[in-house]
Amino acid sequence: MEFKTFVFYFLSAILVFASLRVVTSRNPVHAALYLVLAFFTASGVWMLLQAEFLAISLVLIYVGAVMVLFLFVVMMLDINIDRLREGFWSYLPLGSIIALLMVAEMALVLGGSYFDLFENAVPQTGIAESNVQAIGRLMFTEYVYPFELASVILLVGIVAAVALTQREKRKTKAVSPSRQVFVKAKDRVRVLQMPSEPRD
Amino acid sequence: MTLAEMQFVLPNLSPASAEIFLLTMACVIMMVDLFVKEKTRALTFALTQITLVGTAAVTVLTSAGLLSIVIAVLLGPDASADLTPRIVEVFGIRTGEEITYTFSSMYVADLMGSVLKLTLYFTVFVVMLYSRSYVLDRPQMAKAEFYTLSLFATLGMMVMISANHFLTIYIGLELLSLSLYAMVALNRDSVTATEAAMKYFVLGALASGLLLYGMSMIYGATGTLEITGVAERLYMGQANKTILIFGLVFLVSGIAFKLGVVPFHMWIPDVYHGAPTAVTLFIASAPKLAAFAIVIRMLVNGLIVMAQDWQMMLIILSVLSMAIGNLAAIAQTNLKRMLAYSAISHMGFMLLGLVTGVVGGDARFALNAYSSSMFYVITYALTSVGTFGMILLLARAGFESDELDDFKGLNKRSPWFAAVMMMMMFSMAGVPFFVGFFAKFSVLQAVVAAGYLWLALAAVFFSLIGAFYYLRIVKLMYFDPPKDMTPIQAPFDMKLLMSANGLAVALLGIFPQALMSICAYSLLRSL
């Protein structure tokens, strides 16, 4: 076995294990941490395919930004996820039997033979250019149409999020300077004259 | 490679000008609405409708083939032969006569796409008009988002209709689905709507996963995602058949989810029932057209070589849908839920046309079969809009009118709208001389021509069962005493359009030939 193949299987094993733990671990913080591990290993697999830029952006964006935010939310919300997944353990036996059956059927259909793919090797561009350059060039030329549409999807996401969460105008606690300067001491402070009481 | 060496050719934008126009207008409407006061929200509605009309005009003026059809329908064939070349010259239309690809073959403009898009704008236009008073009566929904999300969903459907790349199909589908999830949940205070949105979202994500997995298998087998490229590779026999079939199963499952056919139909009744009726109206009509288009693009344009394999899968889906859809609809007491099951059975019936295109490697019947399906889906969208529109017509502030009992004695309240609803129900059931009859008839003759007699018999049998629950509504309207005698409070334009919709269902049943030949002609020029 070549060293690269060994690294691939090693990373894939970790990836599969981490993904399984994401859905099975009881503690939501652990699940989120396993998701971080899964992303990190997936970026390793991409690195093997010589897609350095994608690998680094996966770490930067998903591990660095998205998952940290996610962890914060999970820690702040203090969800008792065990209650949310009450049915999970009782359905697990039946679910896993069906899943195993399906995996076995798929294996039978594919005949157990190694996938004979159209191109086994990583497609080589033949031009000595960096990953970033190649992706950028493709994105803005050949794939410009889906790229623009993806931005529309993000826009829809923003619109939908605002529409679903925004309530009526909230009463702001900001002060109005114009009203502030007109305030006089006698509007705010009432001086009361009280006779002093003798101490007994 | 430096910047100067890069060969950058600006893609031909003119075939996609309708999409560009719609997107620009959707963004403009979003901005305009920020400065509009609550009371003048009518402006947002008006702009939405103007946008749809404008997009239709742009579509017609960028496709010479569609232009000649539209003129022929409006002014007659002689005028079309005379006028079309002149308009083509004035506007400098260069596309639409034949199939045009642009954006590195990711976008295809052909006559089938143009005809479907025109029907799509028309459907969305009618949906918006029917929904207007319903939305105004419910302050939660009376927001610009209802209109802008509808426009974004329309954009997604347009992208799906003219996609020539698996990636574009997926992105268009997501654009449509995301807008729809949000629209279902728009009425936040309703528990059923939120539940429906959750179910729709989770199952929709699962379906997208299935579809993507299928696409990745097909990519693995053929090395390309471009639909014409996939077809080429398959013709040359360069692909691993096992992986292809493996991918095809997932692809068909994903499509079945989106079309809502058995056994991937579980979301349909809950979503149709739980969503606000205005949104149900939207989900039940326009997306069916887009789903038909992606079936044609993926299975017919891309994987026609595998027709034997996917036809078998579709036959199973189709027969199951007709059986379960029609049987389960009988037991419903809620009209929206009943129509959801009816939608399942109708989509099953529509699939029948697609399974009979290639018989024993012979594609002689393909045109006839696919055009009968196209006719079916277009007329289904028209009838479905009318039926759900009728629920909206009877609804008012604080009253949904979506139970079967709410239709009791409609004849006493309004004889005309009872008659319109009766026409819709007759058409859905396939009673002769309404448009639904001809749709079913043309699909059945395609099935018989292909030699599947048992399939045709099964379809007729399940349609007969289905006639029961459609006719029950007619019975409720005419022979039962009304529950409340509140007069119908719908605005005038909605009543007018509803009447026109009912008449269209009747008239298209008497003169189906024009629409049928448009479907056949557009497919002939596109396949």
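A note on names: the letters A, B, ... follow the listed sequences, proteins ahead of strands, and every chain is numbered from 1.
- Within the 4.5 angstrom heavy-atom criterion, no atom of B/Ile245 approaches chain A.
- Closest heavy-atom contact between B/Glu19 and B/Ser162: OE2-OG, 3.4 Å.
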Please output the side-chain donor-acceptor pairs of residues 167-174 of chain B that fall under 3.5 Å, not counting sequence neighbours, one pair per line with the distance.
{"from": "B/Thr168", "atom 1": "OG1", "to": "B/His165", "atom 2": "O", "distance (Å)": "3.3"}
{"from": "B/Glu174", "atom 1": "OE2", "to": "B/Ser208", "atom 2": "OG", "distance (Å)": "2.7"}

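- Within the 4.5 angstrom heavy-atom criterion, only side-chain atoms of A/Val144, from C-beta onward, approach chain B.
- With chain A as partner, the option from B/Leu149, B/Val159, B/Leu186 having the largest number of non-hydrogen pairs under 4.5 angstrom is B/Val159.
- Heavy atoms closer than 4.5 Å to chain A are found in the side chain of B/Met30, but not in its backbone.
- In this structure A/Ser178 satisfies the side chain to side chain contact (heavy atoms under 4.5 Å, CB included) test together with A/Ser176, sequence neighbours excluded.
- Taking a 6.0 Å sphere around CZ of B/Phe21, one finds it holds more than 12 heavy atoms contributed by other residues, nucleotides or ligands.
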